[in-house]
Amino acid sequence: MTSTDAVPTGTPPLTTDSSSETPPPYPMPKAPGCPMDPPPVYRTLRAEQPVSKARLYNGREAWLISQHEDVRKILSDSRASVDAFNPGFPWLSEVAKAMNTAEGGVRPLGRMDPPDHTELRRMLAPHFLIKRVRALRPATEELVDGLIDRMLEGPSPVDLVPALARPVPSTVVGWLLGVPAEAMARFGETTARLFDEDGSAETAVAARGELFEQLKELVELRRAEPDGNIVSRLVGFADEGRLTETNLLMQIGLLLGAGYDTTVKMITTGVLALLGHPEQAALLAKEPERATGATEELLRYLTVAEFAPKRVAVEEIEIGGQTIRPGDGIICLIGSANRDESVYERPDELDIERSARDHLAFGSGIHLCVGHTVARMELEVVYGRLFSRIPQLRLAVAPDEIPFSKGLDVQGAKSLPVTW
C-alpha cells in the first residue's frame, strides 16, 4: 500500500445532484476528527440517491449502493460477480489492482464465483463450524487472560496493539491453520510490510514474493508433518489434484491475512469506541455477559473493511430505480448500510444493548466471511475479559493523537496507548 492509495481528507463538500454531469469522486471524505464514522455524505445518498454513480481514481464510474436492504440484495445476487479479473471490476488504485491480479488468473476464495467458490468453501467449511469454534474458546480465554496478566504486571501505559490486539488473532489463526508460532510471527512481519500504507509499490511487491516463499515452506512442512488443520487439509486437496500449487498458496495467504488484520483493527478500534462511550464500557465491565451483544453492535457501528465489498455486474440488474448494466462496477457501502435509519434507531449512537445481529460487517449470501464465527468468538472474549478485568481502563493520550490507517485496505487505529 502506498501513500497514493489513501482515503481523501479535507476535500470540498460533495454534490449528489443527479443532474451533475460528473459523478462525485470515491472514496468520499470523512468528517474531520471523526475517523470511526462513515463519510457524512452517505446519509444524503441513503435519503436521496440510494443507488448512484461515483468516479474512481482512473476516471471510470461505478455504482454506489448505500441502503441496507439494497446492499444485502447485491451481496446475495449471483448477477453481481466478485471476479476481480473482470475488466469492469471497480479497483480503487493501480497498486491494489496489480497486487490482486498478479498470479495469472488465480483467484482467492473471496474473488471466486460458483462453482469454484462452492467447491473450495466446502473444503474449508468443517474447520469453521460453530462446534469447532466453541471448542477453541477456552484456550482463547486462557490466551487473553495471560496477555492481560502480562499487561497488569508490566509498566503502564501500554500500547494495546502489540500487547493484545495482534497476539490474539495471530495465535488463534495459527491454531486453526496449523501454523507454528514462529512462522506466524514471520508472516505477521511480512504482511505488515505488504500492507504498509507508507511503503512503496516496490516494497509491497517484494513483500508479497517473500510471503509466498514463506507459504511454500509451510506447505512443505505440512506435507511432511500433517496435523489435520486447515493447511494440512488444503495440501491434501492439492496432492489429490483438486488445487494447483499456486491456488493452494493463494488460499492459505488469504486465510492468514483475512483472519488477522481485520480482527486486529476491530479489537483496537472497538476498544477505542468503548472508551469514547464510558457508560457503555462501564456496562460491559459490570455485565461481561453482554460481550456478545457488544461485539455485534461494534461490528455494526464500526466498518474496518469499508472497501472490501466490490462487485461487477455480469447481467442486467434493476435496483433502487436504476439499471446496472453488464460490466458495470458496484461498490456496496457497508458503512452506510450499517447506519441505515430505516433499520436501526439512532444509528449513529453506540448502544451495546441494541439487537444488531443483522449488520452486514461480514457480508451476506454465499460470500459471507468464512471465518466470521472465529472472529466473533475472539472479539467477544477480548471485549468481555478486558473490560471486566480492567474496568478503569482509559486512554493514555488524547483521542486526536490516536493514529488511524489512511489506506484503502483495512481501516482502524494503528496504535492504542492505554493506562488504568
Side-chain angles (χ1 to χ4, degrees), residues 133 135-196 211 214 218 227 229-231 252-253 255-275 288 291 294-295 298-299 302 304-305 371-390 393 395-396 402-403 405 409-420:
V133 174
L136 284 174
R137 190 176 185 112
T140 305
E141 291 173 345
E142 183 178 351
L143 167 68
V144 171
D145 278 335
L147 292 167
I148 293 174
D149 287 342
R150 194 179 303 169
M151 286 172 54
L152 292 172
E153 292 165 0
S156 172
V158 64
D159 184 352
L160 202 69
V161 174
L164 185 66
R166 283 182 188 153
V168 173
S170 175
T171 305
V172 174
V173 168
W175 291 339
L176 273 170
L177 270 64
V179 182
E182 61 274 13
M184 277 303 302
R186 290 175 60 206
F187 287 135
E189 294 171 0
T190 307
T191 302
R193 284 187 281 113
L194 177 62
F195 294 110
D196 181 6
L211 178 62
Q214 293 170 2
L218 174 62
D227 64 355
N229 289 311
I230 292 177
V231 172
I252 297 172
L255 292 168
L256 280 168
Y260 174 70
D261 200 24
T262 50
T263 308
V264 172
K265 291 300 196 300
M266 266 308 302
I267 290 173
T268 55
T269 310
V271 169
L272 177 59
L274 286 166
L275 293 178
T295 295
L298 287 164
L299 285 164
L302 306 167
V304 299
H372 72 94
T373 53
V374 179
R376 282 182 156 114
M377 182 272 289
E378 294 173 275
L379 295 172
E380 288 173 18
V381 171
V382 169
Y383 296 146
R385 304 299 260 211
L386 181 63
F387 283 94
S388 63
R389 292 197 55 193
I390 316 179
L393 191 75
L395 287 177
I402 303 295
S405 302
D409 289 301
V410 181
Q411 305 288 293
K414 296 197 290 185
S415 69
L416 191 64
V418 294
T419 189
W420 46 88

Q. What pairs with T190 under side chain to side chain donor-acceptor pair (under 3.5 Å), at least two apart in sequence or on another chain?
A. Q214

Q: Using side chain to side chain donor-acceptor pair (under 3.5 Å) as the criterion, list what pairs up with S156, not counting sequence neighbours.
A: T419

(Q) Measuring only between side-chain heavy atoms, which start at C-beta, is L176 closer than 4.5 Å to V133? (A) no

**Q.** Close side-chain approach of L218 and V179, heavy atoms under 4.5 Å
**A.** yes

Q.
Before you tell me yes or no, could you show the steps for L299 and L379 under side chain to side chain contact (heavy atoms under 4.5 Å, CB included), namely the whole-Å CA-CA distance, both residues' side-chain angles and the distance that decides it to 0.1 Å?
A. CA-CA 10 Å; L299 285 164; L379 295 172; 4.1 Å; yes

Q: Search all heavy atoms of P417 against all heavy atoms of I402 and return the closest pair with its distance.
A: CD-CD1, 3.8 Å

(Q) Rounded at 0.5 Å granularity, tell me how far OG in S415 sits from CG in L272. (A) 10.0 Å

Q: Answer whether the closest heavy-atom distance between the side chains of T140 and M377 falls below 4.5 Å.
A: yes

Q: Find out whether N229 and W175 are in side-chain contact, i.e. whether some heavy atom of one side chain is under 4.5 Å from a heavy atom of the other.
A: no

Please list, one pair per line, the donor and acceptor atoms closer than 3.5 Å that link side chains of residues 262-270 to other protein atoms, with sequence neighbours excluded.
| unit_1 | atom_1 | unit_2 | atom_2 | d |
| --- | --- | --- | --- | --- |
| T262 | OG1 | A258 | O | 2.9 |
| K265 | NZ | D261 | OD1 | 3.4 |
| T268 | OG1 | V264 | O | 3.2 |
| T268 | OG1 | K265 | O | 3.2 |
| T268 | OG1 | A413 | O | 3.3 |
| T269 | OG1 | K265 | O | 2.8 |
| T269 | OG1 | A413 | N | 3.1 |

Q: If a pair satisfies salt bridge (Lys or Arg N to Asp or Glu O under 4.0 Å) and one of its residues is in residues 168-186, list it, with sequence neighbours excluded.
A: R186-E217

(Q) Let's go through L274 and L393 carefully: what are the C-alpha distance in whole Å and the side-chain angles of both, what is the deciding distance for side chain to side chain contact (heavy atoms under 4.5 Å, CB included) to 0.1 Å, and is it a yes or a no? (A) CA-CA 10 Å; L274 286 166; L393 191 75; over 6 Å; no

**Q.** Contact summary for Y260 and V173, nearest pair of heavy atoms
**A.** N-CG2, 4.4 Å

Q: Sequence neighbours left out, what pairs pass salt bridge (Lys or Arg N to Asp or Glu O under 4.0 Å) with at least one residue falling in residues 137-148?
A: R137-E141, R137-E380, D145-R385, D145-R389

Q: Please tell me if the side chains of V418 and I390 come closer than 4.5 Å, counting only heavy atoms from C-beta onward.
A: no

Q: With side chain to side chain contact (heavy atoms under 4.5 Å, CB included) as the test, would you mind laying out the steps for L256 and M184 before giving the verdict?
A: CA-CA 9 Å; L256 280 168; M184 277 303 302; 3.5 Å; yes

N/O donor-acceptor pairs under 3.5 Å from side chains in residues 157-168, not counting sequence neighbours:
| unit_1 | atom_1 | unit_2 | atom_2 | d |
| --- | --- | --- | --- | --- |
| D159 | OD1 | V161 | N | 3.0 |
| D159 | OD1 | L416 | N | 2.9 |

Q | Closest non-hydrogen atom pair between I252 and L177, with its separation | A | O-CD2, 4.3 Å

